[in-house]
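Sequence positions, counted from 1, serve as the residue numbers for this chain.
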Amino acid sequence: INIPDGVDYDGGLPWGTITSTITVPDDFTVFDANLTLNVGHPFDSDLEAFLISPATTQVLLFSGIGGGDDSFWGTTFDDECPIGIEEWPSAAAPYTGCFNPQGVLSDVDGEGSSGSWSLRVSDRFLDDTGILTGWQVELCGVLQEDSDGDIVPDDIDNCVDVANDD
């Protein structure tokens with residue numbers, strides 16, 4: 001997906017923004033989330049990226065890092081990684097490997113996994129464009145039992161053997 005150039009509008013708004021969505025059909029409570037992406041761009045500090053959960057929680061992956069260096073190839077964001085994405089010179093473009101995001105991925109812990117997970121990437125300045133060539137989200141959790149098929153997990157269902165609304 002091509003990332004359009006930012007538009008010069010008194011402070012860089014509106015930005016050139018793309019959103020890519022992955023639909024997760026399985027329903028479980030998330031206890032860990034990680035994201036891997038591939039973005040080509042000649043001036044990384046133009047970019048800002050967020051993971052957005054089905055519950056609309058937004059996690060800042062990175063914003064304004066890398067200066068005039070370029071690209072994120074095989075870049076994994078994981079709260080358990082030893083280096084923060086903004087920790088220069090330990091973290092430098094092209095960003096490859098495992099990094100802590102600037103936000104906190106554990107902000108989505110406890111949320112349901114089912115639904116649309118989105119990656120939003122914005123180019124905040126003029127003169128350069130980029131491309132998102134791929135991304136994936138890794139969600140860890142435990143599937144919720146639903147013995148009667150009423151879409152109410154057994155642990156909060158008042159009658160686990162008979163389908164009902166509660």
Exercise. For the pair D5 (side chain) and D128 (backbone), establish whether a donor and an acceptor sit closer than 3.5 Å, ignoring hydrogens and angles.
Key: yes

Exercise. Can you measure from CZ (F28) to SG (C140) and round to the nearest 0.5 angstrom?
Key: 7.5 Å

Quiz prompt | Sub-6.0 Å ring centroid separation between F72 and F62 | solution = yes

Practice problem: Could you go through the side chain to side chain contact (heavy atoms under 4.5 Å, CB included) check for V24 and S114 one step at a time? | Solution: CA-CA 5 Å; V24 175; S114 178; 5.7 Å; no

Self-check item: Shortest non-hydrogen separation from A33 to V108 and the atoms involved
Solution: CB-CG2, 3.6 Å

Practice problem: Taking T75 for its side chain and Y95 for its backbone only, find out whether a donor-acceptor pair lies under 3.5 Å. | Solution: yes

Quiz prompt | Test item: side-chain donor near acceptor, T21 and S118, under 3.5 Å | solution = yes

Exercise. Can you measure from CG (D79) to CG (N100) and round to the nearest 0.5 angstrom?
Key: 6.5 Å

Quiz item: Would you say L61 and I85 make side-chain contact, with heavy atoms under 4.5 Å?
Solution: no

Self-check item: Least distance between heavy atoms, D70 atom then P42 atom
Solution: CB-CA, 3.5 Å

Quiz item: Are side-chain N/O atoms of D123 and H41 paired as donor and acceptor at under 3.5 Å?
Solution: yes

Quiz item: Between L105 and L139, is there a shared hydrophobic cluster once you connect ILVMFWY residues whose side-chain heavy atoms come closer than 4.5 Å?
Solution: yes

Quiz item: T36 side chain to T76 main-chain N or O, any donor-acceptor pair under 3.5 Å?
Solution: no

Self-check item: Partner residues of S63 under the side chain to side chain contact (heavy atoms under 4.5 Å, CB included) criterion, sequence neighbours left out
Solution: E48, L60, Q102, R124

Practice problem: In sequence, state the C-alpha distance, the side-chain angles, and the governing distance for D69 and F43, and then conclude on side chain to side chain contact (heavy atoms under 4.5 Å, CB included). | Solution: CA-CA 5 Å; D69 293 332; F43 208 87; over 6 Å; no

Self-check item: Taking every non-hydrogen atom, the tightest pair across S71 and G40
Solution: OG-CA, 3.5 Å

Under 3.5 Å, which donor-acceptor pairs link side chains of residues 129-137 to any protein atom two or more places apart or in another chain?
unit_1 : atom_1 : unit_2 : atom_2 : d
T133   : OG1    : N38    : O      : 3.4
W135   : NE1    : S20    : OG     : 2.8

Quiz item: Can you tell if the side chain of L119 reaches within under 4.5 Å of the side chain of I18, non-hydrogen atoms only?
Solution: no

Self-check item: Side chains of V59 and V104 in contact at under 4.5 Å (non-hydrogen atoms)
Solution: no

Quiz prompt | Heavy-atom donor-acceptor pair, S113 side chain to V30 backbone, under 3.5 Å | solution = no

Quiz item: L35 and L37: which non-hydrogen atoms are nearest, and at how many Å?
Solution: CD2-CD2, 3.7 Å

Quiz item: Which pair of non-hydrogen atoms, one from C98 and one from D78, has the smallest distance, and what is that distance?
Solution: SG-CB, 3.9 Å

Exercise. Report the residues that fulfil side-chain hydrogen bond (donor to acceptor under 3.5 Å, both in side chains) with W117, sequence neighbours left out, ordered by chain and then residue number.
Key: none

Exercise. Kindly compute the distance separating CG (D32) from CD (E80), expressed to the nearest 0.5 Å.
Key: 5.0 Å

Self-check item: T57 side chain near E111 side chain, heavy-atom distance below 4.5 Å
Solution: yes

Exercise. Taking all heavy atoms of G84 and all of F99, pick out the closest pair and write down the distance.
Key: O-CD2, 4.2 Å

Practice problem: Supply the atom-to-atom distance L47 CG to I3 CD1, rounded to the nearest 0.5 angstrom. | Solution: 5.5 Å

Quiz item: Is there a side chain to side chain contact (heavy atoms under 4.5 Å, CB included) between D161 and D148 once you walk through the steps?
Solution: CA-CA 5 Å; D161 295 322; D148 55 15; 5.7 Å; no

